[in-house]
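These notes concern the structure reproduced below.
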There are 2 protein chains.
Amino acid sequence: MSSADDSDKIFKALADHRRRAILDALKDEPKTTGALCDMFPQIDRTTVLQHMRVLEAAGLIVARREGRERWNHLNALPIKEIHDRWIGDYARNAVSLMARLKADLEP
Amino acid sequence: MSSADDSDKIFKALADHRRRAILDALKDEPKTTGALCDMFPQIDRTTVLQHMRVLEAAGLIVARREGRERWNHLNALPIKEIHDRWIGDYARNAVSLMARLKADLEP
DNA sequence: TTGACATGTTATATTTTTATAACATAATGT
DNA sequence: ACATTATGTTATAAAAATATAACATGTCAA
């Protein structure tokens, strides 16, 4: 199904704070491309589109054209994927790992 | 405490698959810098060191010198942090978000 | 102290990301 | 058809990340 390469794409897509902000903006409801661009007036429209392409390539955005608009939807499954296969394990064990760390570092 | 800037550092540090591999290598037990470098013979030692510096700056590696060796320990708390404040929420709601997505995309 | 080992730094080349401008297409209302 | 709106593409500049070589420091053991 999904290879390590896919995971890497997802991690890389999430690495940019503007891209995470775009996902946040799609969390409550889908938005048109124009509406999304309007939410980031400090960034050039072309730049937003480029970020969206990265998100789409990682499967985090699914879009459908309707008339002359394009509705962009969040797909959170890729996030769940890296959570399930990598991050969740670290997050779950963080406290006990921290205990070991402290024990190791103490004299 | 920990700002959005810190979160960004953590996401960026995790974006590279070699750095994630380094963390994986430290998961079971701490390792010396040399032992870590030996685990990645395909990468230059200097490159591994540079990656380690990125991980250390993000708080994911905590190190202590002992004699002429340096023991590198994993600190998973930063991962838990981005999990708690961002990823976990998406991962938890992924399935219901997916349901909405399907409903939206169906005619 | 001398040599070997373990680690670290600096400088620089290479590659990838990110940002932007200029141009292009496609749908809608009049 | 024509003007307008919404979106998308291509080319290129600018910045950041990554890789590597050359050099430097600190520790230990004989």
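In what follows, chains are A, B, ... by sequence order, proteins preceding strands, each numbered from 1. Below, all heavy atoms of this structure are taken into account, side chains as well, without hydrogens, waters or symmetry copies.
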Near A:Lys102 NZ, under 6.0 Å, is it more than 12 heavy atoms from other residues, nucleotides or ligands?
->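 No, the 6.0 Å shell around NZ holds no more than 12 heavy atoms from other groups.
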Output the rounded distance in Å from [atom1] ([X]) to [atom2] ([N]).
X: A:Arg18; N: C:dT20; atom1: CZ; atom2: C1'; value: 14 Å
X: B:Arg65; N: C:dA6; atom1: CZ; atom2: P; value: 12 Å
X: A:Glu69; N: C:dA27; atom1: CD; atom2: P; value: 13 Å
X: B:Glu66; N: C:dG8; atom1: CD; atom2: P; value: 13 Å

Do side-chain atoms of [X] reach the backbone of [Y] as a donor and acceptor pair under 3.5 angstrom?
X: A:Asn75; Y: A:Ile61; result: no
X: B:Arg45; Y: B:Asp38; result: no
X: B:Arg18; Y: B:His51; result: no

Are any of the side-chain nitrogens in A:Asp104 or B:Arg64 under 4.0 Å away from the carboxylate oxygens of its partner?
-> no
Non-neighbouring partners of [X] that pass salt bridge (charged side-chain N to carboxylate O under 4.0 Å, His left out), sequence neighbours left out:
X: A:Glu56; answer: A:Arg70
X: A:Arg68; answer: none
X: B:Lys9; answer: none
X: A:Arg20; answer: B:Asp8

Identify, residue by residue, the members of residues 49-58 of chain B with a heavy atom below 4.0 Å from DNA chain D, and return them in order of residue number, or none.
->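 Contacting residues: B:Gln50, B:His51.
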Residues of residues 8-16 of chain B with a heavy atom under 4.0 Å from any atom of DNA chain C, listed by number, are none
Is there a residue in residues 35-46 of chain A whose heavy atoms reach under 4.0 Å of DNA chain C, and which residues are they?
->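 Contacting residues: A:Asp44, A:Thr46.
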With sequence neighbours excluded, what pairs up with B:Trp86 under the ring pair (Phe, Tyr, Trp, His ring centres under 6.0 Å) test?
->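 Partners of B:Trp86 under the ring pair (Phe, Tyr, Trp, His ring centres under 6.0 Å) test: B:Phe11, B:Tyr90.
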Those residues that, when tested against B:His83, pass ring pair (Phe, Tyr, Trp, His ring centres under 6.0 Å) (two or more places apart) =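 Ring pair (Phe, Tyr, Trp, His ring centres under 6.0 Å) list for B:His83, sorted by chain: A:His83.
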Please list, chain by chain and in numerical order, all residues satisfying side-chain hydrogen bond (donor to acceptor under 3.5 Å, both in side chains) with B:Thr47, sequence neighbours excluded.
-> none
Closest nucleotide of DNA chain C for A:Val48 versus for A:Arg68: which of these residues is on the 5' side?
-> A:Val48
If you look at every strand shown and take non-hydrogen atoms under 4.0 Å, does A:Thr33 touch a base, only sugar-phosphate, or nothing?
-> sugar-phosphate
Please list, chain by chain and in numerical order, all residues satisfying side chain to side chain contact (heavy atoms under 4.5 Å, CB included) with B:Ala35, sequence neighbours excluded.
-> B:Lys31, B:Thr32
For DNA chain D, note the earliest and the latest nucleotide, 5' to 3', having some atom under 4.0 Å of a heavy atom belonging to chain B.
->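 In short, chain B contacts DNA chain D from D:dA17 to D:dC28.
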